[in-house]
Amino acid sequence: MFEARKHLVRRFEDVVGKPSEITSIGKRSISIAVQGGVVEIFKVRTEAGQKLSGAGLAEAFGLKPGMKIEAPGVAKAAEPVA
């Protein structure tokens, strides 16, 4: 059957990295710290329409753990992927 999971209470100081900081790059993904946790990205689509894995994105743009992801200007609303 199903195993009961305890609700974990986390504190901000428990989160690895500061918001927008790359915390790790794996074989298929890239992890970025956000307020209260970490987002793991497995696939992205570039503005040119090319599909990349999170790790492929990091390789293509020379991203390394500890670097910050910053958007120039005001952030745009997310556009749906067709």
| message | Closer than 3.5 angstrom, by distance alone: can the side chain of Thr23 be matched with the main-chain N or O of Ser31 as a donor-acceptor pair? | response |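 Here the side-chain-to-backbone pair exists.
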| task | For the pair Ile30 and Leu63, evaluate side-chain contact (heavy atoms from CB on, under 4.5 Å) and give the outcome as yes or no after the intermediate values. | result | CA-CA 9 Å; Ile30 182 172; Leu63 303 175; 4.1 Å; yes
| message | Using the side-chain contact (heavy atoms from CB on, under 4.5 Å) criterion, which residues pair with Ser29? Sequence neighbours excluded. | response |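 Ser29 satisfies side-chain contact (heavy atoms from CB on, under 4.5 Å) with Glu40, Phe42 once adjacent residues are dropped.
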| Who passes side-chain contact (heavy atoms from CB on, under 4.5 Å) against Lys68, sequence neighbours left out? |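 Ser20, Glu70.
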Any chance you could measure [X], atom [atom1], to [Y], atom [atom2], to the nearest 0.5 Å?
X	Y	atom1	atom2	answer
Met67	Glu21	CE	CD	11.0 Å
Lys64	Ile22	NZ	CD1	10.0 Å
Leu52	Thr46	CG	OG1	6.0 Å

| Under the side-chain hydrogen bond (donor to acceptor under 3.5 Å, both in side chains) test, residues paired with Glu59 that sit two or more places apart |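 For Glu59 there are no side-chain hydrogen bond (donor to acceptor under 3.5 Å, both in side chains) partners, ignoring immediate neighbours.
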| Contact summary for Ala55 and Gly26, nearest pair of heavy atoms |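 Heavy atoms of Ala55 and Gly26 come nearest at CB-O, 3.3 Å.
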